[in-house]
Structure formats: structure tokens, C-alpha cells
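Working notes for the structure below.
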Amino acid sequence: MRAALVGVDFGHSDFAASMEELMLLSRSAGADPISTITAKRSSPDSAYFVGSGKADEIGDVVVNDGLEIVIFNHALSPAQQRNLEKRLNVRVLDRTSLILDIFAQRAKSHEGKLQVELAQLQHLATRLIRGWTHLERQKGGIGLRGPGETQLETDRRLIGDRVKALRARLEKLHKQRETQRRARGRNHTFSVSLVGYTNAGKSTLFNAVTKAGVYVADQLFATLDTTSRRVYLGQDVGNVVISDTVGFVRELPHQLVAAFRATLEETIHADLLLHVVDAASPVRMEQIEQVNLVLKEIGADHIPQILVWNKIDAAGLEPSVERDEYATISRVFVSAQKGSGLDLLRDAIVEMARKAPGSAHLYQNDEALQEDQFDGQYDQHDGAAPDQDEEPGEDDRISTHSQVGTR
């Protein structure tokens with residue numbers, strides 16, 4: 001689908017990076033960006049966002065290049081979107097709709113599809129237009145009265161009913177996750193979640209550490225399914241659970257954050273966050289800030305965090321570890337694709353696990369710690385079996401949930 005990309009510079013320093021990201025998003029959705037149109041404004045136009053003159057310029061580009069869709073790098077109001085579609089005579093998408101469309105394409109699991117549908121319906125509810133006006137109730141005259149409600153009201157009611165049903169099903173899945181989480185808590189399993197900007201290399205790092213084999217691609221939001229694996233990290237900490245979670249992006253739609261909040265709780269309840277950063281990205285600091293904003297929004301900003309600078313081979317850096325003024329590990333430099341620095345990352349996880357509050361019980365029985373549920377084997381010193389009072393471990397596949405995610 002031939003598309004025009006439209007961006008308005010309001011004086012932000014990351015405008016160029018944001019437009020480049022919009023091009024990647026549009027390609028991820030299956031569009032073919034043909035033209036890019038930019039403008040500078042101090043504030044959005046209330047009717048067309050870009051102003052009537054720029055709207056006419058966009059219309060000329062649409063006609064001359066034979067474009068089928070116009071994609072804005074901003075969130076448009078329902079009125080602005082309708083006005084633009086009438087003026088341009090093509091479909092107009094804003095950034096929120098584009099991201100929702102990508103999520104709809106990538107959702108594979110049952111829960112992921114439910115969460116995407118919920119987000120789409122919440123977004124659609126504000127964009128219903130008057131339709132089927134011949135069925136309105138107030139017509140006047142015998143035989144000219146319409147049914148009890150307009151088509152618009154019918155649509156709103158149907159959407160409301162569907163949203164209520166989706167929330168009930170997601171709540172049921174949420175309770176199942178709580179049961180799994182309590183089981184991990186009884187087994188005193190240290191939990192680690194990978195978070196970060198989309199396409200930072202989270203899934204590649206997850207595969208390198210856990211050998212999970214999850215889908216990896218050089219694109220935004222390559223995967224939405226959160227996958228957790230148990231990994232044995234030696235007798236110091238035994239088994240830990242590592243989860244690959246959703247990737248974040250600038251201006252992540254609030255509907256998605258709300259719909260995926262249940263799945264994001266996997267991040268909220270983690271003992272440690274590995275914040276994966278694309279070390280080769282020129283806007284990595286802005287991406288770190290965006291991820292931290294989302295973490296704060298979902299209530300995960302208090303969890304201990306290690307910055308994992310990935311792709312150091314592309315950035316010309318060497319594997320290393322940095323500590324803050326309190327001698328706590330703050331950054332680990334790795335290359336997930338090349339395998340460089342992964343031993344340093346494992347050591348960092350072990351160190352953080354040992355420092356975690358309430359973790360002293362993990363090290364009281366070295367024999368039990370050597371049980372490796374991931375391979376189904378354990379090392380027995382002098383023929384001693386694991387502690388019989390310890391609850392049986394979970395299967396290596398703890399859970400697979402859909403997510404706000406990606407690589």
C-alpha cells in the first residue's frame with residue numbers, strides 16, 4: 001500500500017529520529033512509504049492538525065504520486081482525522097492506529113489477540129461516525145419513525161458489550177497468572193524481566209542466555225508473546241526465571257498500555273529488570289527515557305535495574321561492567337548476537353540475586369541449589385538427593401503470554 005508520511009516539528013530535538021521510526025513502523029505494518037511531508041508549527045491546527053494550506057499540499061502529493069493512505073506521526077483527534085479524510089479523499093491513520101494495526105498483525109497467542117482487540121475497540125469507540133441516518137428515531141409523522149436507536153448508538157452499545165466481555169476474559173487469565181506467580185514465590189525463584197525499546201535486541205539476548213529459540217527479526221514489534229524460561233546459573237543461586245517482555249516505543253498508545261497492563265504485571269513483579277539498550281543507536285538516551293516513563297506508568301520504576309548495552313560490536317565497544325558509587329552494578333556491555341560479554345551478564349544476575357532482600361534462604365542448602373530443572377538433571381554431592389521438603393520445581397516453560405513486545 002503506497003503511503004505518505006506526515007510529521008510536524010514542534011521544536012523537539014528528536015524529530016528526525018521520530019520520523020525515521022515512523023518509516024520503520026509503516027513498513028512493519030506493510031505500507032510502502034513513497035513520500036515524506038514535514039512542517040513546522042508552534043501548535044497543532046484544531047481542524048487539520050497541519051493547517052489547511054499544508055493539507056492541500058498533502059492532497060497534491062496524494063494525487064500526483066497515486067497514494068492510497070496518509071500516515072501521521074502524531075495522535076489525531078477524531079474530528080481532525082475525519083476532516084483530513086474528507087479533504088484528501090484517502091484513508092488517514094495516526095500513530096496510535098498504526099501501532100494498533102501492527103499489534104493486531106503480530107498477536108499470536110489467545111491472550112494477545114484479546115488484548116489487541118480490547119485496545120482497538122477502545123480506540124474505535126471515539127471514532128464512530130453517524131451512519132444509517134434513515135433509521136433515526138425522531139423523524140416525525142406516522143410511518144416515518146425509526147427504530148429505538150440510531151446505528152451510531154447501536155454500534156456504541158455493541159462495542160461496550162464486547163469490551164465488557166473481553167475484560168472479563170482477560171481478568172480470568174490474570175488470575176491464572178497470579179496462581180503461577182504464587183507458585184514461583186513459594187519456590188523462592190528469582191525472577192528477571194528483559195525490558196527495553198523495541199528492536200534493541202531483547203529477544204536475541206533472551207535466546208543467547210536461555211537457548212529458547214523465540215522469534216527474532218530486525219523489525220519493530222517482531223514478537224508480542226512474552227516467554228519465560230528457567231535457567232540454572234550455578235550453585236550460588238540455582239534456577240532463575242527470565243522473561244522476554246514487550247518492547248516500548250515513543251508515545252506508546254495509552255489504550256495498549258491499559259489493555260496490556262495485565263501482561264505487563266510480569267514486569268511489575270520481577271525481582272530484577274534488565275533494561276536492554278541499543279548501544280549503536282544515536283538516540284539511545286532518549287529511548288532509555290521513554291522506557292523509564294512507561295515503567296513508571298505501570299508501577300515498575302522501583303524495581304532494581306541493570307542497563308544492558310547491547311550491540312557493542314556495532315558501537316565499537318568492548319565487553320565490560322560498570323558500577324555506581326555504591327559498588328552496585330549499573331551497566332553491562334554485551335553483544336547478544338556475537339555472544340560477547342554474556343558471562344559478565346550472568347555474573348551480574350547472580351550478584352543481584354544474592355543481594356536481593358529475603359534471598360538468604362537460597363543459599364542454605366547447596367545440594368538443593370544444584371538441581372537443574374531446565375535440563376531435567378541435578379548434581380548430587382555424595383549421592384545426596386535434593387531436600388525432600390522443597391516443593392517440586394515448575395516446568396521449564398513457566399508461561400507464554402502475549403505482550404506490548406518485541407525484540
Side-chain angles (χ1 to χ4, degrees), residues 106 190-234 237 239-249 263-264 266-267 270-281 284 287-288 290-292 294-295 300 303-322 329-353 374 396-401 403-407:
R106 304 282 166 78
F190 189 76
S191 176
V192 180
S193 286
L194 299 177
V195 298
Y197 210 77
T198 181
N199 211 30
K202 291 184 301 301
S203 293
T204 302
L205 182 63
F206 181 75
N207 285 340
V209 174
T210 67
K211 314 300 181 186
V214 300
Y215 176 71
V216 171
D218 184 16
Q219 58 187 16
L220 304 187
F221 302 118
T223 56
L224 296 183
D225 295 325
T226 294
T227 306
S228 297
R229 291 291 187 273
R230 182 191 293 270
V231 179
Y232 182 69
L233 293 182
V237 296
N239 293 307
V240 301
V241 172
I242 301 180
S243 300
D244 180 23
T245 64
V246 67
F248 302 131
V249 72
T263 302
L264 288 171
E266 198 68 38
T267 300
D271 298 306
L272 174 67
L273 299 181
L274 297 182
H275 184 164
V276 184
V277 180
D278 182 356
S281 173
R284 55 183 176 270
Q287 293 177 351
I288 292 173
Q290 290 294 327
V291 172
N292 286 332
V294 177
L295 291 175
I303 301 173
Q305 182 181 124
I306 294 178
L307 285 174
V308 181
W309 285 52
N310 190 26
K311 305 184 183 180
I312 59 172
D313 52 316
L317 302 174
E318 294 296 326
S320 61
V321 173
E322 286 187 1
I329 295 176
S330 59
R331 292 197 294 182
V332 180
F333 295 82
V334 306
S335 172
Q337 190 173 42
K338 302 293 184 180
S340 306
L342 295 183
D343 54 338
L344 299 177
L345 180 60
R346 292 188 183 96
D347 292 342
I349 296 174
V350 169
E351 181 176 324
M352 296 298 290
F374 187 72
D396 64 307
R397 183 186 292 267
I398 303 300
S399 60
T400 300
H401 307 307
Q403 184 95 358
V404 187
T406 87
R407 300 182 58 227

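Heads up: numbering here begins at 1 and tracks the sequence. Predicted model, so just to flag it, every value in this text is computed and none were measured.
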- Report the C-alpha separation of Asp278 and Lys311 in whole Å, then their side-chain angles, then the decisive distance to 0.1 Å, and conclude whether the salt bridge (charged side-chain N to carboxylate O under 4.0 Å, His left out) test is met. CA-CA 6 Å; Asp278 182 356; Lys311 305 184 183 180; 3.5 Å; yes
Would you say [X] and [Y] make side-chain contact, with heavy atoms under 4.5 Å?
{"X": "Thr204", "Y": "Phe206", "answer": "no"}
{"X": "Ile306", "Y": "Leu272", "answer": "yes"}
{"X": "Pro304", "Y": "Leu273", "answer": "no"}
{"X": "Glu351", "Y": "Ile329", "answer": "yes"}
{"X": "His275", "Y": "Val277", "answer": "yes"}
{"X": "Trp309", "Y": "Arg284", "answer": "yes"}

- Do Asp244 and Ser203 have side-chain N/O donor and acceptor atoms under 3.5 Å apart?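 Yes - a donor-acceptor pair under 3.5 Å links their side chains.
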- Query: Are Ser228 and Ser243 close enough that a side-chain donor and a side-chain acceptor fall under 3.5 Å?
  - Reply: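 A donor-acceptor contact under 3.5 Å links the two side chains.
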Identify the two heavy atoms, one from [X] and one from [Y], that lie closest to each other, and give their separation to 0.1 Å.
{"X": "Gly341", "Y": "Val332", "answer": "O-CG1, 4.5 Å"}
{"X": "Ala353", "Y": "Val237", "answer": "CB-CG1, 3.6 Å"}
{"X": "Val195", "Y": "Lys202", "answer": "C-CD, 3.3 Å"}

- Message: I'd like to know if the side chain of Asn310 reaches the main chain of Ala336, judged simply by a donor and an acceptor atom lying under 3.5 Å from each other, with no hydrogens or angles considered.
- Response: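 Yes, because the side chain of Asn310 sits within donor-acceptor range (under 3.5 Å) of the backbone of Ala336.
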- Query: Does any N or O in the side chain of Asp271 come within less than 3.5 Å of the main-chain N or O of Ser191, such that one atom is a donor and the other an acceptor?
  - Reply: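 Indeed, once roles are kept as given, a pair shorter than 3.5 Å links the two residues.
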- Audit row: Leu342, Leu205, side chain to side chain contact (heavy atoms under 4.5 Å, CB included) steps and yes/no: CA-CA 9 Å; Leu342 295 183; Leu205 182 63; 3.7 Å; yes
